[in-house]
Amino acid sequence: MSSPFTADAVDAIKRHMNDDHADDALIIVRGLGGRPEATTAVTSGVDGEAIEFTVDGGERVRVAWGESLTERAQVRMAVVRLYRDACHALGIPARGEH
């Protein structure tokens with residue numbers, strides 16, 4: 001799939017998600033990725049249409065942004081939106097800061 005993001009940008013996004021937001025990734029997978037039983041979620045890809053996670057060491061799960069992203073700066077807000085939507089779907093409180 002084609003991406004509006006450079007390989008360096010994708011690597012930086014994945015690194016940031018995996019280093020600083022691993023718990024958020026798991027919440028997104030559980031709440032929006034159709035894998036409520038997941039125990040781990042590693043961010044493994046990002047493109048203009050979705051963010052991809054490797055779940056429990058194997059299965060790949062894509063969660064759509066809900067809109068097409070064209071700039072790296074849009075990713076942060078899109079991830080926050082997915083996180084909050086996933087918290088809502090799971091019935092858990094979302095953290096206030098991101």
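All residue numbers in this chain count up from 1 along the given sequence. Reckoned from all heavy atoms, side chains included, excluding hydrogens, waters and symmetry mates. Keep in mind it's a predicted model, so treat the numbers as computed, not measured.
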Task: D56 (side chain) donor-acceptor with T39 (main chain) under 3.5 angstrom - done: yes
- [ ] Could you pull out all residues at least two apart from R72 that satisfy salt bridge (Lys or Arg N to Asp or Glu O under 4.0 Å)?
- [x] none
Open item on the list: For the backbone of D47 and the side chain of W65, can you confirm whether one donor and one acceptor N or O come within less than 3.5 Å of each other?
Closed with: yes
Open item on the list: Can you tell me how far apart CD (E49) and CD (E67) are? Round to the nearest 0.5 Å.
Closed with: 10.0 Å
Task: CZ on R62 to CD on E52, rounded to 0.5 Å - done: 6.0 Å
- [ ] Output the distance between atom CG (L26) and atom OH (Y83), rounded to the nearest 0.5 Å.
- [x] 11.5 Å
Task: From SG (C87) to CZ (R95), nearest 0.5 Å - done: 7.5 Å
Listed pairs under 3.5 Å, donor-acceptor, residues 6-18 side chains, sequence neighbours left out:
residue: T6; atom: OG1; partner: A9; partner atom: N; Å: 3.0
residue: H16; atom: ND1; partner: D20; partner atom: OD2; Å: 3.1
residue: H16; atom: NE2; partner: H21; partner atom: NE2; Å: 3.1
residue: N18; atom: OD1; partner: T43; partner atom: N; Å: 2.8
residue: N18; atom: ND2; partner: K14; partner atom: O; Å: 3.1
residue: N18; atom: ND2; partner: T43; partner atom: O; Å: 3.0

Task: Contact summary for L69 and F5, nearest pair of heavy atoms - done: CB-CZ, 4.0 Å
TODO: Look at the side-chain heavy atoms of Ile, Leu, Val, Met, Phe, Trp and Tyr, link any pair under 4.5 Å apart, and say whether L90 and V55 land in one connected group.
DONE: yes
Task: Minimum heavy-atom distance between G48 and P4, given as atom pair plus value - done: N-CD, 3.5 Å
- [ ] Verify side chain to side chain contact (heavy atoms under 4.5 Å, CB included) between V79 and D24, making sure each step is shown before the conclusion.
- [x] CA-CA 9 Å; V79 170; D24 297 347; 5.8 Å; no
- [ ] Output every pair passing salt bridge (Lys or Arg N to Asp or Glu O under 4.0 Å) with a member in residues 25-44, not counting sequence neighbours, ordered by first then second residue.
- [x] R35-E59
Task: Same cluster (ILVMFWY, side-chain, under 4.5 Å), M77 and V63 - done: no
Task: Distance (rounded to the nearest 0.5 Å) between T40 OG1 and F53 CZ - done: 12.0 Å
Task: Rounded distance (nearest 0.5 Å) linking atom CD1 of I28 with atom CZ of R81 - done: 11.0 Å
